[in-house]
Participant: 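Have a look at this one before I ask anything.
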Amino acid sequence: MNPPKTDARRHHDPDVRGFASDNYAGAHPEILAALAVANGGHQVAYGEDEYTAHLQQVIRGHFGATAEAFPVFNGTGANVTALQALTDRWGAVICADTAHIHVDECGAPERVGGLKLLTVPTPDGKLTPELIDREAYGWDDEHRAMPQVVSIAQNTELGTLYTPDEIRAICEHAHEHGMKVHLDGARIANAAAALDVPMRTFTNRVGVDALSLGGTKNGMLFGEAVVVLNPDAVSHMKHLRKLSMQLASKMRFVSVQLEALLGKDLWLRNARHANEMAQRLAEGVRAVHGVEILYPVQANAVFARLPHDVGERLRQRYRFYFWDEAQGDVRWMCSFDTTEDDVDGFLAALKEEMAQ
């Protein structure tokens, strides 16, 4: 059968590569194939379809028998919906001051979710029980938003990783104070690949109550999921997902992508490759005099400091973001489709610009 004709035309150069974000990458071919499989015919809307039902089996294989997945459109929607389900209207969320929910979600947890974020400075993007205690107080004070959730990211916004024991300590500490734990797992696959452990090892097994499960940064076309790990910790997820405008009518097309990603090892293959490319990039950067790597390179991100004018010139050749423009700090991200040639070409350009 010949492929259907289309009037769509390519408006970009597929050979252009960048290191700005793993969101810049396209969809993995296996994901596109899964979408074609799910297409055709009629399926019940709003999550009552066969693909969303089967996804639950896949999720439980990763996160245990009580886990339940609620597919959503995007990561911010996953975080806002999950945090609402874990809190009361007067609740607050303790997080690192570099957390995505604080820095990169346009105030959505506070403006859309109605939550107060209690931020804590950290040296490496990671919370500890001691750092949590800076904001974990005042539960009986009606003048203060009540700390009800600790939100961590794995891996963090600075590319660093928690060990399973570190997350266990956070969960035990939070639960001792009557708080719940949310994990922002936008890049959870990269963390699992780097730690070389199943995702359950640092989520449900150590006490995480709810998870924002990322897919878009790891090869999906669109879509993420809220995964409820502790059913007793959340309330009204279905209603909150709709209220937060995250209920997809044709949910089968989100669910089938998650199934294709997680059903076998695509999630791990993609994440391992991205991490390996970041290590290759970091190794090359360390050999360039005048460029400093700022944080341990543990997943698929490299944070570096270089002269601002060099960064500006280099950005004309490869897209990436300044993390702290005043300091000359930059972030370079690798993706599932980053190649060795991409990395080597970028390193050559960096050396050329540094030599000027």
Participant: Hey, does L266 have a side-chain heavy atom less than 4.5 Å from the side chain of I31?
Facilitator: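 Yes, side chains in contact.
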Participant: Between the side chain of Q43 and the main-chain N/O of E50, is any donor-acceptor distance below 3.5 Å?
Facilitator: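 Looks like yes, one N/O pair under 3.5 Å.
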Participant: Run the salt-bridge test on E30 and K264 with the 4.0 Å N-O cut-off and return the result as yes or no.
Facilitator: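 No salt bridge links E30 with K264.
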Participant: Return the minimal non-hydrogen interatomic distance between A225 and V72, and the atom names on each side.
Facilitator: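 Result for this residue pair: N-CG2, 4.0 Å.
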Participant: Between the main-chain N or O of A349 and the side-chain N or O of E353, is there a donor-acceptor pair closer than 3.5 Å?
Facilitator: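 Not a single qualifying donor-acceptor pair exists.
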Participant: Under 3.5 Å, side chain of Q257 to main-chain N/O of A34, donor-acceptor pair present?
Facilitator: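 It does not hold such a pair.
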Participant: Who passes ring pair (Phe, Tyr, Trp, His ring centres under 6.0 Å) against H173, sequence neighbours left out?
Facilitator: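 Ring pair (Phe, Tyr, Trp, His ring centres under 6.0 Å) list for H173, sorted by chain: H177.
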Participant: Between R241 and P71, is there a donor-acceptor pair closer than 3.5 Å when you use the side chain of the first and the backbone of the second?
Facilitator: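 Side chain of R241 to backbone of P71: a pair is present.
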Participant: Can you list everything that forms a salt bridge (Lys or Arg N to Asp or Glu O under 4.0 Å) with R144? Sequence neighbours excluded, please.
Facilitator: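 Here the qualifying residues are E135.
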Participant: Please answer whether the main-chain N or O of L158 pairs with a side-chain N or O of T156 as donor and acceptor at a distance below 3.5 Å.
Facilitator: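 Side chain of T156 to backbone of L158, a donor-acceptor pair under 3.5 Å: yes, one is there.
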Participant: Just do the side-chain contact (heavy atoms from CB on, under 4.5 Å) check on F19 and D342 with the steps written out, would you?
Facilitator: CA-CA 9 Å; F19 292 84; D342 294 335; 4.2 Å; yes
Participant: Can you check whether V254 reaches F222 side chain to side chain, under 4.5 Å on heavy atoms?
Facilitator: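 Yes, their side chains come closer than 4.5 Å.
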Participant: Test of understanding: with ring pair (Phe, Tyr, Trp, His ring centres under 6.0 Å), list the residues that count as partners of H62, not counting sequence neighbours.
Facilitator: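 H62: ring pair (Phe, Tyr, Trp, His ring centres under 6.0 Å) contacts with W267.
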Participant: Should we count CG of D140 as having more than 12 external heavy atoms under 6.0 Å?
Facilitator: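 No, the 6.0 Å shell around CG holds no more than 12 heavy atoms from other groups.
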Participant: Answer with yes or no after comparing the ring centroid distance for W332 and F346 against a 6.0 Å cut-off, counting only values under it.
Facilitator: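 Ring centroids of W332 and F346 are less than 6.0 Å from each other.
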Participant: About how many Å separate OG1 of T81 and CG of L240, when rounded to the nearest 0.5 Å?
Facilitator: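 If I round to the nearest 0.5 Å, the distance is 7.0 Å.
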Participant: If you compare all heavy atoms of T76 against all heavy atoms of A108, which two are closest, and at what distance to 0.1 Å?
Facilitator: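 Closest pair (atom of T76, atom of A108, distance): CG2-CB, 3.8 Å.
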Participant: If you measure only the distance, is there a donor-acceptor pair under 3.5 Å linking the side chains of E276 and Q279?
Facilitator: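 No, because no side-chain N or O of E276 sits under 3.5 Å from a partner of the opposite role on Q279.
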Participant: List the residues meeting ring pair (Phe, Tyr, Trp, His ring centres under 6.0 Å) with H100, not counting sequence neighbours, and say none if there are none.
Facilitator: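 Ring pair (Phe, Tyr, Trp, His ring centres under 6.0 Å) check on H100 returns nothing, list empty.
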Participant: Which pair of heavy atoms, one from L350 and one from V288, lies closest together, and at what distance?
Facilitator: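 Where L350 meets V288 most closely, the heavy atoms are CD2-CG2, 4.2 Å.
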Participant: Run the ring pair (Phe, Tyr, Trp, His ring centres under 6.0 Å) test against F202 and tell me which residues pass, sequence neighbours left out.
Facilitator: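 Once residues adjacent in sequence are excluded, F202 has no partner under the ring pair (Phe, Tyr, Trp, His ring centres under 6.0 Å) criterion.
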Participant: If you measure from CG on L268 to CG on D265, what distance do you get to the nearest 0.5 Å?
Facilitator: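 Answer rounded to 0.5 Å: 6.5 Å.
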Participant: Take D337 and R17 through the test salt bridge (Lys or Arg N to Asp or Glu O under 4.0 Å) and record every step on the way to the result.
Facilitator: CA-CA 10 Å; D337 64 349; R17 300 292 181 146; 3.3 Å; yes
Participant: Going by the rule salt bridge (Lys or Arg N to Asp or Glu O under 4.0 Å), which residues pair with R280 if we only count those two or more places apart in sequence or in a different chain?
Facilitator: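 Here the qualifying residues are E340, D344.
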Participant: Hey, could you give me the NE2/CZ distance between H42 and R252, rounded to the nearest 0.5 Å?
Facilitator: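 Spacing of NE2 (H42) from CZ (R252) equals 8.0 Å.
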Participant: Checking D13 now: which residues fulfil side chain to side chain contact (heavy atoms under 4.5 Å, CB included) with it, not counting sequence neighbours?
Facilitator: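 With neighbours one apart ignored, the set is D15, V16.
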Participant: Donor-acceptor pair, D88 side chain versus W90 backbone, under 3.5 Å?
Facilitator: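 No; zero donor-acceptor contacts below 3.5 Å.
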Participant: If the threshold is 4.0 Å, N to carboxylate O, is there a salt bridge linking R272 and D196?
Facilitator: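 Counted as a salt bridge, because a side-chain N and a carboxylate O are separated by less than 4.0 Å.
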Participant: Only pairs under 3.5 Å count here: list side-chain donor-acceptor contacts from residues 203-211, not counting sequence neighbours, and write none if there are none.
Facilitator:
| from | atom 1 | to | atom 2 | distance (Å) |
| --- | --- | --- | --- | --- |
| T203 | OG1 | M199 | O | 2.8 |
| N204 | ND2 | F63 | O | 3.0 |
| D209 | OD1 | N230 | ND2 | 3.0 |
| D209 | OD2 | H175 | NE2 | 2.9 |
| D209 | OD2 | V181 | N | 2.9 |

Participant: Output side-chain donor-acceptor pairs under 3.5 Å for residues 109-124, partner residues at least two apart or in another chain, one line each.
Facilitator:
| from | atom 1 | to | atom 2 | distance (Å) |
| --- | --- | --- | --- | --- |
| E110 | OE2 | L117 | N | 3.1 |
| T122 | OG1 | G125 | N | 2.7 |
| D124 | OD1 | K126 | N | 3.1 |

Participant: List, by chain and then residue number, the residues other than M251 in its hydrophobic cluster (Ile/Leu/Val/Met/Phe/Trp/Tyr, side-chain heavy atoms under 4.5 Å); write none if there are no others.
Facilitator: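 Hydrophobic cluster check, M251: joined to Y46, L247.
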Participant: Please check: side-chain N/O of Q246 versus main-chain N/O of F73, any donor-acceptor pairing under 3.5 Å?
Facilitator: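 Flag set: sc Q246 to bb F73 pair under 3.5 Å.
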Participant: Verify the neighbour count for atom CD of E325: are there more than 12 heavy atoms of other residues, nucleotides or ligands below 6.0 Å?
Facilitator: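 Counting neighbours around CD of E325, more than 12 heavy atoms of other residues, nucleotides or ligands fall under 6.0 Å, so yes.
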Participant: Is any side-chain heavy atom of Q356 closer than 4.5 Å to one of R313?
Facilitator: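 Answer yes - side chains close enough.
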Participant: Taking Q327 for the side chain and R305 for the main chain, is one N or O donor matched with an acceptor at less than 3.5 Å?
Facilitator: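 Answer holds: no.
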Participant: Would you give the length of the straight line joining atom CG of D184 to atom CG of N155, rounded to the nearest 0.5 angstrom?
Facilitator: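 Those atoms lie 9.5 Å apart.
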Participant: Show every donor-acceptor pair shorter than 3.5 Å between a side-chain atom in residues 289-304 and any protein atom, with sequence neighbours excluded, or say none if there are none.
Facilitator:
| from | atom 1 | to | atom 2 | distance (Å) |
| --- | --- | --- | --- | --- |
| Q298 | OE1 | L161 | N | 2.7 |
| N300 | ND2 | D22 | OD2 | 3.0 |
| N300 | ND2 | C334 | O | 2.9 |

Participant: Give me the atom names and distance for the closest heavy-atom approach of M179 to A136.
Facilitator: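 Reported closest heavy-atom pair: CE-CB, 4.0 Å.
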Participant: Okay, side chain of N270, backbone of N218: is any donor-acceptor separation there less than 3.5 Å?
Facilitator: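 At least one qualifying donor-acceptor pair exists.
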Participant: Give a yes or no answer on whether the side chain of N74 reaches the backbone of G77 with a donor-acceptor pair at less than 3.5 Å.
Facilitator: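 Yes.
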Participant: Is there any salt bridge (charged side-chain N to carboxylate O under 4.0 Å, His left out) pair reaching into residues 149-159, and which pairs are they, with sequence neighbours excluded?
Facilitator: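 Listed once each, the pairs would be none.
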